[in-house]
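Each remark here refers to the structure printed beneath this line.
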There are 2 protein chains.
Amino acid sequence: MSQPLDSDMFVGCASGTPLIRVGDKWTAKIVVCLRDGPRRFSELQVPLRGITAKVLTESLRSMERDGLLTRTAYAEIPPRVEYALTPLGRSLLVPMAVGCAWSREHQPELLDARRAYDHQTPTG
Amino acid sequence: MSQPLDSDMFVGCASGTPLIRVGDKWTAKIVVCLRDGPRRFSELQVPLRGITAKVLTESLRSMERDGLLTRTAYAEIPPRVEYALTPLGRSLLVPMAVGCAWSREHQPELLDARRAYDHQTPTG
DNA sequence: CCGCATCCTGTGCGATACTG
DNA sequence: CAGTATCGCACAGGATGCGG
């Protein structure tokens with residue numbers, strides 16, 4: 001172990017663009033919201049507490065562009081738009097579940113470490 | 001399927017604070033760099049192309065605070081500081097590997113979708 | 001109901017210069 | 001070598017108002 005680190009080790013790495021943009025604030029949650037079937041714009045705003053229409057629109061457009069979901073607009077009065085996961089978007093649930101499992105399992109440990117670190121009396 | 005979405009569904013969710021801060025630009029890469037053993041500050045700067053001392057310091061401090069790594073300073077001339085993963089930090093490699101696997105497997109699909117989306121002639 | 005336009009703010013990140 | 005201090009930008013995302 002402990003060979004010198006390769007200066008190119010992250011050059012082509014997929015996380016150059018950070019993990020395909022699942023690391024942002026909303027993408028993962030939107031995937032979860034669509035897990036059980038198509039949802040309307042205003043339906044998504046409910047669990048995504050406090051998200052503004054602008055930001056939700058941006059997130060949905062970006063995910064549509066990446067093939068994670070489809071957007072279907074119905075020419076009705078009042079208008080209705082539905083968003084649904086594609087198979088690609090649905091496949092994201094797998095790595096997300098693993099991440100959540102890690103989080104559930106280790107969060108107490110992490111919080112303890114954080115408390116211990118913050119309680120070091122600086123001039124002890 | 002398609003029960004109404006619960007407005008509280010993300011309230012206690014671990015990703016309220018975004019997945020314990022692995023979604024940022026550097027944390028995951030630092031974990032990878034430390035996988036094979038302790039590393040010095042300047043060693044880490046090599047593969048982390050272009051990271052400034054300030055940002056690397058901030059990242060390492062934050063990870064130390066969260067119990068992901070340990071910092072050991074040796075009172076020598078010239079100074080030497082080594083960073084090493086804790087078991088908690090090492091455990092992050094598992095979900096990270098799953099995420100990378102997803103990325104490797106689906107990135108072409110995602111890129112195709114993106115190209116298709118971008119090539120829609122707006123005024124067809 | 002859906003979503004775009006405009007404006008504004010917080011902050012992650014980078015550049016540069018300096019210290020023990 | 002391993003940081004700290006200061007400055008500044010870019011960009012995600014929030015507030016508000018208007019349009020189809």
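Chain identifiers are assigned alphabetically (A, B, ...) following the order of the sequence lines, protein sequences preceding nucleic acid strands; residue numbering begins at 1 within each chain.
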Contact nearer the 5' end of DNA chain D, comparing Ala53(A) with Trp26(A) = Trp26(A)
Among dG14(C), dG14(D), dT4(D), find the nucleotide with the atom closest to the side chain of Lys25(A).
-> dG14(D)
In whole angstroms, how far is the C1' atom of dG3(C) from the CG atom of Leu60(A)?
-> 11 Å
dT11(C) P sits how many Å from Asp24(A) CG, rounded?
-> 17 Å
Please answer: with hydrophobic residues joined when any side-chain heavy atoms are less than 4.5 Å apart, are Leu88(B) and Met96(B) in the same cluster?
-> yes
Would you indicate what Tyr83(A) reaches in the nucleic acid, counting non-hydrogen atoms under 4.0 angstrom: base, sugar-phosphate, or nothing?
-> sugar-phosphate
Mapping Pro79(A) and Ser59(B) onto DNA chain C by nearest heavy atom, which one lands closer to the 5' end?
-> Pro79(A)
Between Ser42(B) and dA2(D), does any side-chain N or O lie under 4.0 Å from OP1 or OP2?
-> yes
Nearest-neighbour nucleotide for the Thr57(A) side chain, dG14(D), dC1(D), dG3(C) considered | dG3(C)
Atom pair OG (Ser62(A)) and CG (Asp24(A)), whose distance is rounded to the nearest 0.5 Å | 7.0 Å
Taking for each residue the nucleotide of DNA chain D bearing the nearest heavy atom, is the 5' side occupied by Pro78(B) or by Ile51(A)?
-> Pro78(B)
Leu92(B) and Val98(B): same hydrophobic cluster, using ILVMFWY side-chain contacts below 4.5 Å?
-> no
Whole Å only: how far is the CD atom of Gln45(A) from the C1' atom of dG13(D)?
-> 14 Å
Decide side chain to side chain contact (heavy atoms under 4.5 Å, CB included) for Arg71(B) and Leu60(B); before the verdict, give the C-alpha distance in whole Å, the side-chain angles of both, and the deciding distance to 0.1 Å.
-> CA-CA 8 Å; Arg71(B) 176 182 184 276; Leu60(B) 291 168; over 6 Å; no
Length of the CZ-C1' vector between Arg71(A) and dG3(C), whole Å = 8 Å
Using atom CG of Leu48(A) as one end and atom C1' of dG13(D) as the other, report the distance to the nearest whole Å.
-> 13 Å
Under 4.0 Å: is that the gap between some side-chain N or O of Arg40(B) and OP1 or OP2 of dA2(D)?
-> yes
Between the base of dG14(D) and the side chain of Lys54(A), is there a donor-acceptor distance below 3.5 Å?
-> yes
Rounded to the Å, how far apart are Ile77(B) CD1 and dA2(D) C1'?
-> 11 Å
Of the listed nucleotides dG14(C), dG3(D), dG14(D), the one nearest the side chain of Val81(B) = dG3(D)
Option from Leu85(B), Val31(B), Leu34(B) for which side chain to side chain contact (heavy atoms under 4.5 Å, CB included) with Arg90(B) holds = Leu85(B)
Checking dG3(D), dG14(C), dA2(D) against the side chain of Arg61(B) (C-beta onward), the nearest is dG3(D)
Figure out the CD/P separation between Glu58(A) and dC2(C), and round it to whole Å.
-> 18 Å
Interatomic distance where CG belongs to Leu44(A) and P belongs to dC1(C) [whole Å] | 15 Å
